Amino acid sequence: MLTFTPEQRRRFAADIDGEYQPKTKKPIVLVGLMGSGKTALGKRLAVALGLSFVDSDTIIEKKSGLLIRNIFEISGEAKFREMEHKTILSNLKSSPVILSTGGGAFCNPKTRAAIKTHAISVWLDAKPTDLLHRIGNTSSRPLLNAGDPLQILSDLRQQRMADYQQAELHVKTGRHSLRLSMKKILNILEQNSYIEAVSDKNDK
Ligand code: S3P
């Protein structure tokens, strides 16, 4: 679980309009391609709802003492997917959290099935050019270093689309600001009765 400093909380809170609280005890799991905003938006969503935030890649790196790209180099992708599956599974069964997953997690049938059973899944979606714009430096993403990153992202989007479409909720993050994407995520969660607005304390 990541704990935020007061300064981070203030920064994240600046991108959140309104006050909300969860109405569900299920974890909210963010899925989607690299660069779709899962980590940045997940942190803000956790602050908005007063929940803990976990990021499967960060947990894997902390536990193994290795960077994701080194795990791919040393042990290969299949081993990484196994570690990812175990990490996600163990966080689905703890108290309600916001869980940000690595881009391929929801495309592993076992992991997807577990998320669909135990959590609310939100697919964050953007075009490959927008994803790459947000990613910037691709050196920490091993899958993007095997050729032209834009082409790889386009191919991955095609290959993974049918998996991501199985997520319960769909939010297009495009090149939107974090504030606008947060608004869209909070709106869709509220429309589906997973969260509710907390009435303004100043209201009579
Ligand atoms: C991957 C996405 C990465 C990381 C790994 C594999 C993928 O996470 O899990 O490099 O298969 O799309 P982010 O989506 O957080 O970049």
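Counting starts at 1 for both ligands and their atoms, in listed order. All heavy atoms count here, side chains included; hydrogens, waters and symmetry mates do not. These numbers were taken from a predicted model, which means no experiment stands behind them.
- For a threshold of 3.5 Å applied to N or O pairs, the pair formed by T39 and ligand 1 contains no separation below that value.
- Salt bridge present: D125 and R157 bring a charged side-chain N and a carboxylate O closer than 4.0 Å.
- On a distance-only criterion, D57 and ligand 1 share at least one N/O pair closer than 3.5 Å.
- Looking only at side-chain heavy atoms (C-beta outward), S75 and F80 stay at 4.5 Å or farther from each other.
- Where the criterion is an N or O separation shorter than 3.5 Å, residue side chain and backbone included, K38 meets it with respect to ligand 1.
- Looking at R81, E61, R69, R141, it is R81 that brings a heavy atom closest to atom 11 (O) of ligand 1.
- At distances below 3.5 Å, at least one donor-acceptor pair connects side-chain atoms of K184 with backbone N or O atoms of K172.
- Atom 12 (O) of ligand 1 has as its closest protein heavy atom R160 NH1, 2.8 Å.
- Ion pair E168/K26 not flagged as a salt bridge, since none of the NZ, NE, NH1 or NH2 atoms sits closer than 4.0 Å to an Asp/Glu carboxylate oxygen.
- Looking only at side-chain heavy atoms (C-beta outward), T173 and R134 come within less than 4.5 Å of each other.
- Between L33 and ligand 1, no N or O atom pair is found at a separation short of 3.5 Å.
- Looking only at atom types and distance, the side chain of D155 has no donor-acceptor partner in the side chain of Q159 under 3.5 Å away.
- Less than 4.0 angstrom separates some heavy atom of I68 from each of these atoms of ligand 1: 5 (C), 10 (O).
- Close approach to F80 involves these atoms of ligand 1, each under 4.0 Å from a residue heavy atom: 9 (O).
- For L143, every heavy-atom contact with ligand 1 shorter than 4.0 Å involves the side chain, none the backbone.
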